[in-house]
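Predicted model, so just to flag it, every value in this text is computed and none were measured. Just the heavy atoms: all of them, side chains too, but no hydrogens, waters or symmetry mates, feed the values below.
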Amino acid sequence: MNPTISIVVAIFNRKDELFELLNSLTFQTDKVFEIIIVDDGSLIDLKPTIENFNGILDIKYFRKDNSGPGLSRNYGAKRAANDWLVFVDSDVIVEKDYIENIKKDILEIPCDAFGGADKAHKGFNLMQKAISYSMTSVFTTGGIRGNKKAVSKFQPRSFNMGVKKEVFEKVGGFSEMRIGEDPDLSMTLWENGFTTAFFDDIAVYHKRRVDFGKFSKQVYQFGCARPILNQRHPNYVKISFAFPSLFLLGYVLGFVEYFVLGRGFILALFGLYTFMVLLHALIVTKNVAIAAMAVVSTYIQMFSYGYGFLKSWILLNVLKMKPEEAFPKHFHKN
């Protein structure tokens, strides 16, 4: 039986990005799918944007009070009519064979949930491309986004993620977490005996943040969320999660070594790392300006994530605070 697809998009403002997403969906080679738009209490009117696609796309629009992306996706999932829920962020663009490939892969690769990669579109600005590089590079925490050798344990992320509706309902959907709710769902699926897969032909173009300040805040929040996830899912803790914090501490130690002991061995290692990132980014992006900015975005990612992880780990494991007490803004009530 051919899979049926409901695309669920939780959105707060971002009307321009929503237009680009919906526009990309109009060009699908397989046009049999519905779109559920959940307006999570936006401060601007999204209806005019959606009305541009009336009669072109099968869209259901709902507006609700702000509760964060996880609960808004749950809200949309309850109103979806089809067997598979496909979650995408509002700031992505999809290729014309996105739906076609999803249906093909579901039939060829047995799984209860799946995910795909993200990448930078040729039309993105230089900073967006630099940030995309750092979030997907082998030199950062974003390097491993699934591969065919580890397809059964790929951890889908909500910018490009599909789940059987019946399975989604069995595990209760996304949790109360505002940050890290997607890896939380993936690990909850594993703990309940469900399988995940990586589909290598459904990558989306992901805008992410448009400046370094917003990017820093975002990855800091990701870092804060990881020790919380480690507590919730201890069977899936990896030492690599702490690498950005060790990176940050090593950088500080390098300056201590230089100014106190008069040696620069540690800083030399960071210099080598910087050169390798620059060279690799230049090879990948084929643009000197993007490569230079990629070095900056890589350090921002490592430092901000590392600081967030370290702060969260100390609050939870040393000071013994509950996650809801340490980071009240990271949780919402049902």
Practice problem: Just do the ring pair (Phe, Tyr, Trp, His ring centres under 6.0 Å) check on F241 and W313 with the steps written out, would you? | Solution: CA-CA 11 Å; F241 294 155; W313 187 88; over 10 Å; no
Exercise. Name all residues meeting the ring-ring contact (aromatic ring centres under 6.0 Å, His included) criterion together with Y299; count only those two or more places apart in sequence or in a different chain, and write none if there are none.
Key: F247, F303
Quiz item: Does T26 have any side-chain hydrogen bond (donor to acceptor under 3.5 Å, both in side chains) partners at least two apart in sequence or in another chain, and if so, which?
Solution: none
Practice problem: Using the test side chain to side chain contact (heavy atoms under 4.5 Å, CB included), find all partners of T298 that sit at least two apart in sequence or belong to another chain. | Solution: Y133, S134, T140, Y273, V277, M302
Quiz prompt | For D40, all residues meeting side-chain hydrogen bond (donor to acceptor under 3.5 Å, both in side chains), sequence neighbours excluded | solution = K64, N66, S72
Practice problem: Using only heavy-atom distances, determine whether the side chains of D97 and T29 contain a donor-acceptor pair under 3.5 Å. | Solution: no
Practice problem: Can you see which heavy atom on T195 is nearest to which on P110, and at what distance? | Solution: OG1-O, 4.4 Å
Quiz prompt | N-O pairing of D112 and K164 below 4.0 Å | solution = yes
Practice problem: Working to the nearest 0.5 Å, report the span between CE of M177 and CD1 of I179. | Solution: 8.5 Å
Quiz item: Any side-chain heavy atom of F62 sitting closer than 4.5 Å to one from D39?
Solution: no
Quiz item: Roughly how far, to the nearest 0.5 Å, is the OG atom of S42 from the CG atom of N13?
Solution: 4.5 Å
Quiz item: Shared ILVMFWY cluster between I314 and I239, side chains joined below 4.5 angstrom?
Solution: no
Self-check item: K60 and E34 ion-paired at < 4.0 Å
Solution: yes
Quiz prompt | R178: partners by salt bridge (Lys or Arg N to Asp or Glu O under 4.0 Å), with sequence neighbours left out | solution = none
Practice problem: Not counting sequence neighbours, which residues clear side chain to side chain contact (heavy atoms under 4.5 Å, CB included) with I300? List them please. | Solution: F212, F215, S216, V296, S304
Practice problem: Measure the NE2-CD1 distance between H206 and I131 for me, rounded to the nearest 0.5 Å. | Solution: 11.0 Å
Exercise. Name all residues meeting the side chain to side chain contact (heavy atoms under 4.5 Å, CB included) criterion together with K119; count only those two or more places apart in sequence or in a different chain, and write none if there are none.
Key: E95, A203, Y205
Quiz item: Can a salt bridge be assigned to the pair R232 and E181 using a cut-off of 4.0 Å between side-chain N and carboxylate O?
Solution: no
Exercise. Output the distance between atom CZ (F222) and atom CG (L229), rounded to the nearest 0.5 Å.
Key: 11.0 Å
Quiz prompt | Contacts of F327 that satisfy ring-ring contact (aromatic ring centres under 6.0 Å, His included) - sequence neighbours left out | solution = H330
Quiz item: Are a donor atom and an acceptor atom from the side chains of T196 and W190 found within less than 3.5 Å of each other?
Solution: yes
Self-check item: Side-chain heavy atoms of L249 within contact of L310, under 4.5 Å
Solution: yes
Quiz item: For R79, which residues count as a side-chain hydrogen bond (donor to acceptor under 3.5 Å, both in side chains) partner, sequence neighbours excluded?
Solution: none
Quiz item: So is R226 actually on top of F309's ring, under 6.0 Å and inside 45° of the axis?
Solution: no
Quiz prompt | Nearest non-hydrogen partners of A120 and S132, listed with the distance | solution = N-OG, 3.4 Å
Quiz prompt | More than 12 heavy atoms of other groups within 6.0 Å of M276 CE | solution = no
Quiz item: Any side-chain heavy-atom pair from F174 and D184 closer than 4.5 angstrom?
Solution: no
Quiz item: Can the ring centres of W84 and F168 be said to be less than 6.0 Å apart?
Solution: no
Enumerate donor-acceptor pairs with a distance under 3.5 Å from any side-chain N or O in residues 250-261 to protein atoms, sequence neighbours excluded.
{"from": "E257", "atom 1": "OE1", "to": "F265", "atom 2": "N", "distance (Å)": "3.3"}
{"from": "E257", "atom 1": "OE1", "to": "I266", "atom 2": "N", "distance (Å)": "3.0"}

Self-check item: N-O pairing of K31 and D58 below 4.0 Å
Solution: no
Exercise. Report the residues that fulfil side chain to side chain contact (heavy atoms under 4.5 Å, CB included) with F275, sequence neighbours left out, ordered by chain and then residue number.
Key: L279
Self-check item: From CA spacing to verdict: ring pair (Phe, Tyr, Trp, His ring centres under 6.0 Å), F114, F199
Solution: CA-CA 7 Å; F114 63 84; F199 293 172; 4.5 Å; yes
Quiz prompt | Chi angles and distances behind the side chain to side chain contact (heavy atoms under 4.5 Å, CB included) call for F33, N82 | solution = CA-CA 8 Å; F33 61 95; N82 293 322; 5.7 Å; no
Quiz item: Going by an N to O cut-off under 4.0 Å, is there a salt bridge joining D89 and R73?
Solution: yes
Quiz item: Can you find a pair of side-chain heavy atoms, one from I228 and one from S312, that are under 4.5 Å apart?
Solution: yes
Practice problem: Report yes or no: do N101 and D105 form a side-chain donor-acceptor pair below 3.5 Å? | Solution: no
Exercise. Kindly write out the residues that satisfy side-chain hydrogen bond (donor to acceptor under 3.5 Å, both in side chains) with H121, not counting sequence neighbours, or none if the list is empty.
Key: none
Quiz item: Is there a side-chain contact between V8 and V86, using heavy atoms and a 4.5 Å cut-off?
Solution: no
Self-check item: Short N-O contact, D91 and R14, less than 4.0 angstrom
Solution: yes
